[in-house]
Amino acid sequence: MQVARFLSGVAIAVVPAVLAAQGDATVIRGATIHPASGAPIRNGAILIQGGKITAIGSSVNAPAGARIIDATGKDIVPGFVDNHSHIGARPTDLNDSPMVVGPQHRILDALDLADPDFKDAISGGVTTIVTGPGSGENVSGMAIVIKTTGDGLADRLLLEKGGMKFAMGAKSRERYPTTTMGVAANLRQYLIKTQEYMAAQKKWADGDQKGTPPARDLGYEAMSDVLTHKTYVRAHVHSATDVMTLLRLKDEFGFDLTLHHSTEAYKLAPEIAKRGVSAVVLPLGPRIGVTDDALSGPATLWKAGVKVAMHTDAPVINQKWLRLCAAIVMRYGVPEEEALKMVTLNAAQIAHVADRVGSLEVGKDADLVIFDGAWYEPRSRVDMVFNSGKLAFERTKEGN
Amino acid sequence: MTILHVLRGRTALHLARTVSALGARRPGARFPRALALGALLLGAPTARAQDKAVAIRGGTVLPISGPAIPNGTVVMRGGKIVAVGANVSIPAGAEIVDARGKYVMPGVIDAATQIGLEATDQNEASDPVTPGLRAFESWNPFGTFGGGKPGPLRNKELLAGGVTTMYPSPADATIIGGQGFIAKNAGPNVEAMLVREIAAMDMTLGTPPKSAARARNRDPYTRMAEVAMIRAALIKAQEYVRNRAANPSLPRDLGNEALGKLLAREMPARIQANSATDIRSALRLAEEFNLQLIIDGGAAAYEFRDELARRKVPVVLGQVSHPYVSNEEIPDKQDYPPVDERLAGRLTAAGVTTAIASFARAFGTLAPAVSGKWLLLDASIAAGYGMADADVLKAVTLVPATILGIADRVGSLEVGKDADVIVLDGNPLSVKTWVERAYVNGELVHQR
């Protein structure tokens, strides 16, 4: 990489035209481009250089020597962003169940970059994911935002503090809390203790240093990131009761909140919209998809002004079918371009990585998917996937 | 439901059947008509309502048993299909359904589901070998499908996906779970919906039963034990049949009686087997005991395509969007071959009779309770992965009907078959398409 950069620097000085060839420029043209950030471009073109999108429009100037991909008649969309999944870790590493509140746990410490699930993801055009701890505890730890392909962790990691996982619902049958009110009280108590912890630490730091310094606690430290807006809450929630509890806790403690699964969130759409809270929904999931009301939920939320994204909860739903979630909400009244945003730009914005990914715009990572038909039709096939400008998946004759 | 309700439902059904039979012979007779009215008041299906002909006219008719008929017409009467074609005469007084611009096809058949079986009623987990059970006797299709609040007629969700016939069975936490049944997806009560009460012996190999048993610290702990226990149960049943034949006064045993029917090939063995190991074991057991085998799940079936085709063993595949046919929330990934959307097409091309089914579990387990609603959508994935459109539609209609042994009644639009017909507002293989109407036995049971 260093050598290549150096060489291209030399090329600039000598023959500017060589730059493109050295800079591995790729032009994809002829397709209908759905940038997610704006209206579709018929017969459009995209220029990729140095892993980024450097031009997009009805035509771009192809540098000499650029690789040209003819995508006439195809659909191009941004690489999909799955806002909520659990891949890259063993199922037995997702929930530290004995610790009901464990904000100090980080999925990063259980990450296996070679998990074959990443291959499934890229084959379905999913280029960026949020992956995190499970929902077996009231607080289960910190998620990350990561590319599904790339060279090593540093290259792939987009956000290390990718959100603190809360899980509503009484999960434990053996010990406290076993009820919905117990979960709420447990969360409130922990947030209060975190406030007290922060106050004690601040008092010491401000010079009031009597006795021994306050002991560090990794849990409260992690949760203080939530209360100081260094990260945000990703709350697993199904029932309207628990949605309301989360909104009330947010009002009480002022943290940034996103809802996940969000099965009955549609019942409280105005309350959610009023607070600027986002909802991430799993229409294909095991607990959802039961009634037409729930399947219309994303449309209801969207109409109320809530920012909505989709998720697969992979490996619960194979990540490659994230787009099927968008297709289903289209059936239930979300317009095509809005449905696309729910698996690209909205998902990236909710995950705090929209400066890098989620739409096809100049300066963003060249993450894109070429389909042989309408991107939302289950029968359309992924032809190619670019992730950070690199060809990360290509359909073979065998039809992989 | 009280005993009174049950009795009333059965009496009404009996009356309705009698009426229907009598009415067919003597349509003008007054006595049966009065009886029919009585049956109607008691809540039984009415033969009268179906006696009026319904003609679905002008749509693209996909009979499945033959090529598409543009601008075709389907005529139904008395619960049966009475005409299909481009130029059929419509009986005077028939109700006309304008299907111009729409598609008309047979109702979808879900060949594997637990729909209507509450989560606590799917597995008799107290015993890994329960061949005497009948899934029908746990069935509550009008309930909530597992926990939650009582809900109205959830079978309507499936009708909205075009599913008109299904095979519900015990789930997969036991090696021999019991007998699955075949039912229509609409009717005034469960008995009226029933097509065949004892349709197959439902069995499972692999992770689900051994993990359930391990959790209770008992056999089978391993795949070895699973197969050994099935083998032992079948041998015991052989002996039971032999001894009863020699001495009919020996006490009856329901489990052995059911396994006896299996051994006599009076019903097929539906063995859920996903890994190559499990499929191989299923094939070996079938050979050893001369079972009529159907493979459920079949994720690794491609490896066995030649043998499956040669031995005429059909495969009922799970949905690719819910790949793990298991009752574990996040199963042991190594135990299941990677998802391969090409599988349905490849097996079909290799000559294996292959259906696509939902394996819908109730709330709290992997495939959603109503995932059968999305069978056409899952089938369209197979179409994207190299399977011909005609074969894809067959894999959710005529093929499952054949596997279930009811192709003489359902699965295609042919004269004489049950009038299970759906009307769609677009190509059945597009995600944008909705089922606008569903008829079961000629009755309109879903309308969008």
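The sequence lines fix the lettering, A, B, ..., with proteins before strands; numbering per chain opens at 1. We use all heavy atoms of the structure for the numbers below, so side chains are in, but hydrogens, waters and symmetry mates are not.
No side-chain heavy atom of A/M330 sits less than 4.5 Å from a side-chain heavy atom of B/V431. For the pair A/E377/B/L377, no side-chain contact is recorded, criterion being any heavy-atom separation below 4.5 Å from C-beta on. Side-chain contact between B/W374 and A/L324 is absent, with no heavy atoms from C-beta onward closer than 4.5 Å.
Side chain of A/R379 to backbone of B/S430: no donor-acceptor contact under 3.5 angstrom is found.
Nearest approach of A/R331 to B/W434, heavy atoms of both residues: O-CZ2, 3.0 Å.
At a 4.5 Å heavy-atom cutoff, the contact between A/K320 and chain B is made by side-chain atoms alone.
The side chain to side chain donor-acceptor pair (under 3.5 Å) search around A/D96 returns none, not counting sequence neighbours. For A/H311, there are no side chain to side chain donor-acceptor pair (under 3.5 Å) partners at least two apart in sequence or on another chain.
Taken to the nearest 0.5 Å, the CD1 atom of A/I328 stands 9.0 Å off from the NZ atom of B/K373.
Dense packing is recorded around CZ of B/R305, with more than 12 heavy atoms of other residues, nucleotides or ligands lying under 6.0 Å away. A 6.0 Å sphere centred on CE of A/M99 holds no more than 12 heavy atoms belonging to other residues, nucleotides or ligands.
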